[in-house]
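No experiment lies behind these values; they were computed from the predicted model shown. Both counts, for ligands and for their atoms, begin at 1 and track the order of listing.
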Amino acid sequence: MLLLTKVVKLNLLDSRRKFLKLFGGTALVGLSPVQLACTPNYNKDALNKPLVIATWNNYKANEAAWEVLQNGGSALDAVEAGARIPEADPNDQSVGYGGLPDREGNVSLDACIMDHLGNAGSVCYLKNIKHPISVARKVMEETPHVILAGDGALAFALEQGFEKENLLSDQAKEKWLDWLKEKNYRPEGNRDQHDTIGILAIDQKGNLAGACTTSGMAYKMQGRVGDSPIIGAGMFVDNEVGAAAATGVGEKVLTTLGSFLVVELMRQGKSPQEACEEAVSRIHRKLKSEENIQVGYVALDKNGRFGAHSIQKGFEYTLFKPETKTKFAASFIQ
Ligand code: GLY
């Protein structure tokens, strides 16, 4: 048995030597053939770091995240701090407090967070808690689970010390009452109707993290859960490769597992921009002519290179890196 193990080990070593010879270079020593095949060649000292990128004009969210990154804090702390800004903003009607409700007038929130070790936490259909992103982080850190939903998520949040509050602002209530007159549901997902925040960061150590938080599609059916709390759909982080986040009509992102797709495309060698373009076009190619849908992605790789793309005009992203702090219009198809 011992002999057999030795023979197998020697054979493996032999194929590894052949592999290294084939691909040359002493720089490759130390990495197994499997790692070499799957991990793009990233610079250990990321070109752009620290860096934070967020969907839409989330300047204040980036400021909060930047404060953490600049002081040497982790990407995880940065994205949580950033996501909490629109969650508390009554004027942001797509995230947290002030978010537009479902058809019955309930504000129900979805959020997820992921760190550089591949740990993730998520809450969906969470009501009456202003900061779902922080509850998601608690799910990640304090439970053996990844996702908690509905009443269970609420009970857990209360147990963790979060306060129960009314999230339906007067402004959102007024819009909902107006919507009830015609009850016309238009899942389009663009600036005025929907702007989920997805926020990705790389910290001074070169580690990545991401967060995504939303009140979901305005006037959705009660109980509807979108892409935002689903790891790999609304957001995904792989510290070997990069991170991605989505905004727009969640059903389209869910059925293509969009953020995971963007990261995997980067793993295969595409730049963050090319990866976003391919993921958007996979959705676009299948759209029916009557569908007027917006979906946008932001992506960040391990070198601190970034990209963003959307189906329609109007999608913006906000980027902070040492020499740039501004929002940009993303490229688009239509
Ligand atoms: N993208 C967020 C949602 O559809 O709920």
Side-chain angles (χ1 to χ4, degrees), residues 53-58 61 79 83 86-87 92-104 106-114 122-127 132-133 136 147 149-150 153 167 172 176 179 185-200 210-236 243-262 276 279-280 282-284 287 291-299 308-312 314-317 330 332:
I53 184 168
T55 54
W56 305 102
N57 184 11
N58 272 303
V79 295
E87 283 183 343
D92 188 324
Q93 298 199 322
S94 296
V95 182
Y97 172 61
L100 293 171
D102 66 17
R103 294 169 194 193
E104 323 300 325
N106 303 299
V107 179
S108 65
L109 307 177
D110 294 338
C112 76
I113 195 160
M114 199 163 179
S122 156
V123 286
C124 53
Y125 199 70
L126 176 63
K127 292 192 281 186
I133 199 64
I147 306 180
L167 300 182
W176 166 60
W179 179 82
Y185 181 63
R186 290 182 299 120
E188 294 174 344
N190 218 331
R191 173 87 210 153
D192 290 333
Q193 197 189 7
H194 193 71
D195 44 270
T196 298
I197 180 172
I199 180 165
L200 312 170
C212 187
T213 179
T214 188
S215 51
M217 300 302 292
Y219 321 126
K220 59 195 176 185
M221 289 174 68
Q222 187 175 8
R224 181 261 190 191
V225 170
D227 60 309
S228 302
I230 306 302
I231 309 301
M235 190 276 299
F236 191 68
T247 185
V249 178
E251 281 71 13
K252 300 295 178 189
V253 178
L254 274 168
T255 47
T256 50
L257 215 53
S259 293
F260 180 74
L261 175 62
V262 171
C276 289
V280 165
R282 294 235 185 142
I283 295 172
H284 184 245
L287 284 186
E291 283 183 304
N292 180 25
I293 293 291
Q294 176 66 306
V295 168
Y297 291 106
V298 291
H309 194 63
S310 59
I311 297 178
Q312 296 185 17
F315 175 48
E316 300 165 329
Y317 64 98
F332 57 94

Do any N or O atoms from the side chain of Thr256 and from the backbone of Ala279 form a donor-acceptor pair under 3.5 angstrom?
no
Using a 4.0 Å heavy-atom cut-off, say whether Arg224 meets ligand 1 through its side chain, its backbone, both or neither.
side chain
Under 4.0 Å from a heavy atom of Thr196: which atoms of ligand 1 are those, numbered in the order shown and with their elements?
1 (N), 2 (C)
With sequence neighbours excluded, tell me which residues meet ring pair (Phe, Tyr, Trp, His ring centres under 6.0 Å) with Phe236.
Phe260
Passing candidate, side chain to side chain contact (heavy atoms under 4.5 Å, CB included) with Pro132, options Thr214, Val95, Val123
Val123
Under 4.0 Å from a heavy atom of Ser228: give me the atoms of ligand 1 that qualify, with their elements.
1 (N), 2 (C)
Exam field: side chain Ser215 to backbone Gly96, donor-acceptor pair closer than 3.5 Å
no
Under 3.5 Å between some N or O of ligand 1 and some N or O of Gly216?
no
Should you measure from each heavy atom of Met217, which atoms of ligand 1 turn up under 4.0 Å away?
4 (O), 5 (O)
Checking the N or O distance criterion of under 3.5 Å, is ligand 1 in contact with Gly250?
yes
Who pairs with Arg103 by salt bridge (Lys or Arg N to Asp or Glu O under 4.0 Å), at least two apart in sequence or on another chain?
none
What verdict does the salt bridge (charged side-chain N to carboxylate O under 4.0 Å, His left out) test give for Glu251 and Arg224, after you've listed the backbone C-alpha separation in whole Å, the side-chain angles of each residue and the deciding distance to 0.1 Å?
CA-CA 10 Å; Glu251 281 71 13; Arg224 181 261 190 191; 2.8 Å; yes
Considering both backbone and side-chain atoms of Glu251, is one of its nitrogen or oxygen atoms within less than 3.5 Å of a nitrogen or oxygen in ligand 1?
no
Atom indices of ligand 1 within 4.0 angstrom of Gly248 heavy atoms, with elements
1 (N), 2 (C), 3 (C), 4 (O)
